Structures are given as C-alpha cells and as structure tokens.
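Heads up: the structure comes next, in structure tokens.
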Protein chains: 2
Amino acid sequence: MRMSKGVEWAVHTLLNLAWVDHGRPVATAQLAAGHDLPGPYLHKQLQALVRAGLLESVPGARGGFLLARAPEAISMLDVVLAIEGDEPLFRCTEIRQCGLVGAECSGPDDFALPCAVKSALGRAETAWREALAAQSLADVGRATDEHAPNVGGAVRRALGSD
Amino acid sequence: MRMSKGVEWAVHTLLNLAWVDHGRPVATAQLAAGHDLPGPYLHKQLQALVRAGLLESVPGARGGFLLARAPEAISMLDVVLAIEGDEPLFRCTEIRQCGLVGAECSGPDDFALPCAVKSALGRAETAWREALAAQSLADVGRATDEHAPNVGGAVRRALGSD
DNA sequence: GAAGAATTACTCGGATACTGCGTGTCCGAGTGTAACGGG
DNA sequence: CCCGTTACACTCGGACACGCAGTATCCGAGTAATTCTTC
C-alpha cells in the first residue's frame, strides 16, 4: 500500500508551473527535464491531471500545459485523487456475512448497520483526506519559498526561458 | 494505492479471537471457516500478526493462535502496520534536487530543510495514523456488540465448540 | 509589399509491452497427544 | 493399576507459482507557426 511515485512528480510539476507563471504553456519535455524524469511517463500523468481538471492542455506547435486554476484552488487531495483515482484505501468485502459466523447470524438486523471494521478504517481515511484537502498547492509553494527562497528563481531560469 | 484485503481478514479474525476468549488456541482452519476465507493465505497473514506481537502461536496438536494482548491494547494501527508493513504511504525520492531545476539551485541551504511536498503529504499520513491508533480492537468489538448484539454469540457458536 | 494557401514541424492523446508486488498455494519441521507395552 | 516409551496426527513456519496493477514506452491525430507563391 504505497502511493504511486506519479504523485510526487505531479505535485512538483504543478509547483513549477505555478512558479513560471507566464501565459504560455510549457511542453512535457521541458517539465520532464526540470527534474530529470522520463518524459513519456510524466506525459501520462499530466494527461490524468487534465482529465481531473487541474491542467489545461494546449495542442499544436509551441503547445504544452498550464494550470487550469489558481494554486490556491488546487488542494493536495485533488492531486492525489487525480493520479491515484478516487477509490477508497480500504474497501470492505463484507466477509462478516460469509462462512460459519455469517450463517449463525440469522437475525434480521445483524447486518442492517454498516460494518464496524469498515467504519473504523473509514474514519481514519476521512482524517487523511481532510488533512490533504486542507493544504493547497499555494501553501506548499509558500512553504518552499520561505525555506529556500532560491528555488522559485531556479525554476524560472530552468523552465521560463523560451 | 489500495489496502490489502488481508487487513480486513486480520481485523475480523482478531475480533473473533477476542469474542471466543477461551484459554485454548484456535487453529487456522477454524478461523478460515468462520468467514469462508482461503485457509493457507489467511495462515500467511496470521504469521505476520505473530511477528508483530499481536498473536501468540501454539504449535503441536490442538494448537493454533490466540491473542497476545488484551483487545484494549491492540490498535487498528498495529493491525495495519503488521499486515502492510511500516513503510510510509508516500516516500519522497528527492526529485527536487534532480534535473535542470536541481542544477540551478546551487545555494548551500536550498535543500537543507525537508522537502515541502514531503512535509505536506507526511502531515496527512500522520493524521491517518493517529486516527488509526486512537481506535482499539476493543472499541470496534464494542461498536459491533451495540449495533448487532447477536454477532458475538454467533462467533462463539461457530468457533467456540471444540 | 501584402495577403492567402500549402507545407512543415511540433505537440497532445490514446493504445501497447514489461516489471514488481499482492494473491494464492504447497510441503517440511516441530510438538503435544494418544496408544501401547511393561512393571 | 500405574508409569515410561513409542508412534502418530496435527499444527505452525517458510519456500514456491500465478495474476493484476503500476511502470515505462511508442506511434498516430491535430494544430499553430512558417514559408512560398501570387496579386
């Protein structure tokens, strides 16, 4: 149960696009070179971000990708769900109703309420999602600017020159 | 990034052991029949719970497994880590230091502090772990007893007869 | 010199192979039980 | 009748195949810029 590395790539790429911030789109090859990532695979992740509505794609010569919304309106949860999909971490298969134990539970209301295991794990997952939703791309960028003020300029030098 | 189904099996099996609660161990075949699970694979998960210190194994004839601690002392986090391993969901590969952007960041302190992306995702993971650690096996069992009082007796009838 | 059309080069988009982990299974080592024989 | 020994059956423990999702890659469709021709 480990998160796909595409999430890390997506967040850094979105941050780079927020830093560059000229009206022109940036091509996949430029974004990949920025962090030495395999271009075709990064391209696949960027497509997922477009489908999720986080990026705008510009086709044709001198095309590329640019942010579809302001960095304040993009949460970490949006990025994770765009890459990983919106399926829950824990999916209950209702084994409580199977086997000898399930057969012994003949009462009509024994399974009326949700499975307590599912509820317990679900509460933890809700806390995780809320913590992700509470942090925006702008927050992460601001934290980086405060801790390492040179990074923003480095991104503009590496990707801003066209 | 979905959780292994072994987690669901482990929690239900631990709950069943807590309900049965006679001093004698319960064999894998009995536990598997309780929820119609594939015995050999459940056995593999139970071994992981033994390695994590949640179960005691009793070898030999009429052997099996029994809880190593009281249900109040077993948290949902213990179970998840025992099955899934204690590696973090998000592992930072420090791509911020790679590629053109990393090369432009020549400042000595640009990478001194932790990556902001890692910190942001890590905060969410901490919230998830804390929510899991706050719920014990006894809590889940109590919730089931309140919602479906017949389940405990059903487990004892299905697994308690030896 | 300016306008229009054809060409060109570059980009995104989806469809296609490969690898690692989760899933499922099996057999051997070890131990407690039970039966058996002797005192 | 009681005790020691032997054989046994059952259990756990780790090692061995299979399938699917993540990983990595490629080529085709589409578009904007460019260039050439014509007026």
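Below, chain A is the first sequence line, B the second, and so on; all start at residue 1. Not measured: the values here are computed from a predicted model.
When the side-chain hydrogen bond (donor to acceptor under 3.5 Å, both in side chains) test is applied to Arg91(B), no partner is found at least two apart in sequence or on another chain. Taking Glu125(A) as the reference, Arg129(A) meet the salt bridge (charged side-chain N to carboxylate O under 4.0 Å, His left out) condition, with sequence neighbours excluded. Applying the side-chain hydrogen bond (donor to acceptor under 3.5 Å, both in side chains) criterion to Thr93(B), with sequence neighbours excluded, gives Glu8(A). Qualifying salt bridge (charged side-chain N to carboxylate O under 4.0 Å, His left out) partners for Glu84(A), counting only residues two or more places apart in sequence or in other chains: none. Not counting sequence neighbours, the partners of Arg142(B) by the side-chain hydrogen bond (donor to acceptor under 3.5 Å, both in side chains) test are Asp139(B).
Listed by first and then second residue, the salt bridge (Lys or Arg N to Asp or Glu O under 4.0 Å) pairs involving residues 33-42 of chain B amount to none (not counting sequence neighbours).
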Problem - Nucleic acid footprint by protein, nucleotides 27-34 of chain C - heavy-atom cut-off 4.0 Å, B for base, S for sugar-phosphate alone - result: ---BB---
Problem - Base versus backbone protein contacts along nucleotides 3-8 of chain D [heavy-atom cut-off under 4.0 Å; B, S, -] - result: ------
Problem - Protein-to-nucleotide contact annotation, 5' to 3' order, nucleotides 14-22 of chain D [B base; S sugar-phosphate only; - none; under 4.0 Å, heavy atom] - result: B-------S
Check: residues 10-18 of chain A side-chain donor-acceptor pairs under 3.5 Å, at least two apart:
residue, atom, partner, partner atom, Å
Thr13(A), OG1, Trp9(A), O, 2.8
Asn16(A), ND2, His12(A), O, 3.4
Asn16(A), ND2, His35(A), NE2, 3.0

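Residue Leu113(A) is found outside any hydrophobic cluster, as its side-chain heavy atoms come under 4.5 Å of no other Ile, Leu, Val, Met, Phe, Trp or Tyr. In the hydrophobic clustering (ILVMFWY side chains linked at under 4.5 Å, chained through shared members), Leu66(B) is joined by Val58(B).
With hydrogens and angles ignored, the 3.5 Å screen pairs no side-chain donor or acceptor of Arg156(A) with any backbone N or O of Gly160(A).
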